[in-house]
*Asks:* 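After the structure tokens below, expect a handful of questions from me.
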Amino acid sequence: MAELQIKNLHVNAAEKQILKGVDLHVRPGEIHALMGPNGSGKSTLANAIMGHPNLEVTEGQILFDGEDITEADPDERARAGLFMAFQYPVAIPGVTVAKYLRMVINAHREGRGEAAISLKDFRKTVEAAMELTNVPREFSNRYLNDGFSGGEKKRMEILQLALLTPSLAVLDETDSGLDIDALNTVAEGVNTVASGSHMGVLIITHYQRILHMVKPQFVHILFEGRIVKEGGPELVETLEKHGYGWIRDEVAAGATA
Ligand SMILES: Nc1ncnc2c1ncn2[C@@H]1O[C@H](COP(=O)(O)OP(=O)(O)OP(=O)(O)O)[C@@H](O)[C@H]1O
Ligand SMILES: [Mg+2]
């Protein structure tokens, strides 16, 4: 069972130090929330976990399933069972949803040494996943994310999550820009996939709304590239009430570890 271990991670983007020694441990089946003010480095951490080529790890390690993947390319990480839903999903004009999903599934199967999925099995699998995530069937023939509304893009990602059942999912602001119905669908999708497997989840969000539905056992606050506070769900309430000012004060006073 795959677990993610991040040790003393330092990451540069464009020669600037963004992450300054992050430690994080997500075990199978655990749900972790990562919160923190704008620009604190949350997306950078998510991208570093996925091996984004624009980021440079200058110190520290990322271990997945006990293996050092700090230098692995994004493909290898995906095949190892890491999944990431992006804050800003990209469109791929010219590639239909159905074609894209088949490519993704087959890439994973190939990675496991399995044969390509048959058209019949593919249809069945996708239909079931579409039903689960409330993605209308006609989406299959549309070009990926091209002209999709923000909410539709997010649903597409949860559809991929349901299809791939990764061992660890990183969800970067999967809730931003969603209406209540879409939020429920996304949360339900994540919960259904998580409860049917031992998937670990790292969910990045600014709001407690989704955290009432996808309930994290652990909450981490990232501030200026460091995790400065950790706790349980009660931390989410505190942040919602008091904002980040008190954390800023504590950091300034050197009171946080
Ligand atoms: N490729 C890059 N080049 C230069 N600076 C970058 C790059 N990527 C990230 N940064 C900087 O790193 C800092 C952290 O950005 P990041 O996107 O990780 O923040 P975040 O915590 O996800 O914020 P938000 O809550 O707004 O999504 C920001 O100051 C950002 O401008
Ligand atoms: Mg971000």
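The first residue of the sequence shown is numbered 1, and numbering continues consecutively from there. In what follows, every heavy atom counts, from backbone to side chain, and hydrogens, waters and symmetry copies are set aside. Every value quoted in this text rests on a predicted model; they were computed, and no experiment measured them. Every number for a ligand or one of its atoms is a count from 1 in the order of the listing.
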*Asks:* For residues 38-64, pull every pair meeting salt bridge (charged side-chain N to carboxylate O under 4.0 Å, His left out), keeping only residues two or more places apart or in separate chains.
*Replies:*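 Of all non-adjacent pairs touching residues 38-64, none passes salt bridge (charged side-chain N to carboxylate O under 4.0 Å, His left out).
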*Asks:* Would Glu250 and Lys229 satisfy side chain to side chain contact (heavy atoms under 4.5 Å, CB included), going step by step from the backbone distance to the final call?
*Replies:* CA-CA 10 Å; Glu250 280 192 16; Lys229 198 123 210 133; 2.8 Å; yes
*Asks:* Taking both backbone and side chain into account, is any N, O or S atom of Ser43 nearer than 2.8 Å to the Mg ion (ligand 2)?
*Replies:*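 Given the 2.8 Å cut-off, Ser43 counts as a ligand of the Mg ion (ligand 2).
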*Asks:* For ligand 1, is Ile18 a contact, meaning one of its heavy atoms is under 4.0 Å away?
*Replies:*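 Judged by the 4.0 Å heavy-atom criterion, Ile18 does count as contacting ligand 1.
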*Asks:* Please, which pairs that meet side-chain hydrogen bond (donor to acceptor under 3.5 Å, both in side chains) have at least one residue in residues 137-150, sequence neighbours excluded?
*Replies:*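 Sorted result for residues 137-150: empty, none.
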*Asks:* Considering the heavy atoms of Ala14, write down every atom of ligand 1 situated less than 4.0 Å from one of them.
*Replies:*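 The list of qualifying atoms is 3 (N), 4 (C).
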*Asks:* Would you say Gly36 touches ligand 1, if touching means a heavy atom closer than 4.0 Å?
*Replies:*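 Contact check Gly36 vs ligand 1: negative.
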*Asks:* Hey, could you give me the CG/OG distance between Asp65 and Ser167, rounded to the nearest 0.5 Å?
*Replies:*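 Result: 7.0 Å between the selected atoms.
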*Asks:* Salt-bridged, Glu110 to Arg79, with N to O below 4.0 Å?
*Replies:*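 Salt bridge between Glu110 and Arg79, a charged N being under 4.0 Å from a carboxylate O: no.
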*Asks:* Pull out every atom of ligand 1 sitting under 4.0 Å from any heavy atom of Glu173, numbered as shown with elements.
*Replies:*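 Under 4.0 Å from Glu173, ligand 1 has these atoms: 25 (O), 27 (O).
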*Asks:* Out of Lys16, Lys42, His206, who is nearest to atom 20 (P) of ligand 1 when you count heavy atoms only?
*Replies:*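 Shortest heavy-atom distance from atom 20 (P) of ligand 1: Lys42.
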*Asks:* Taking only heavy atoms of Thr44, which atoms of ligand 1 are found under 4.0 Å from at least one of them?
*Replies:*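 Selected atoms, number and element: 9 (C), 14 (C), 15 (O), 16 (P), 18 (O).
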*Asks:* Return the option from Pro37, Gly39, Ala13 holding the heavy atom at the smallest distance from atom 19 (O) of ligand 1.
*Replies:*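 Looking at heavy atoms only, the winner is Gly39.
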*Asks:* Would you call Arg27 and Glu30 a salt bridge, using N to O less than 4.0 angstrom?
*Replies:*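 Salt bridge between Arg27 and Glu30, a charged N being under 4.0 Å from a carboxylate O: yes.
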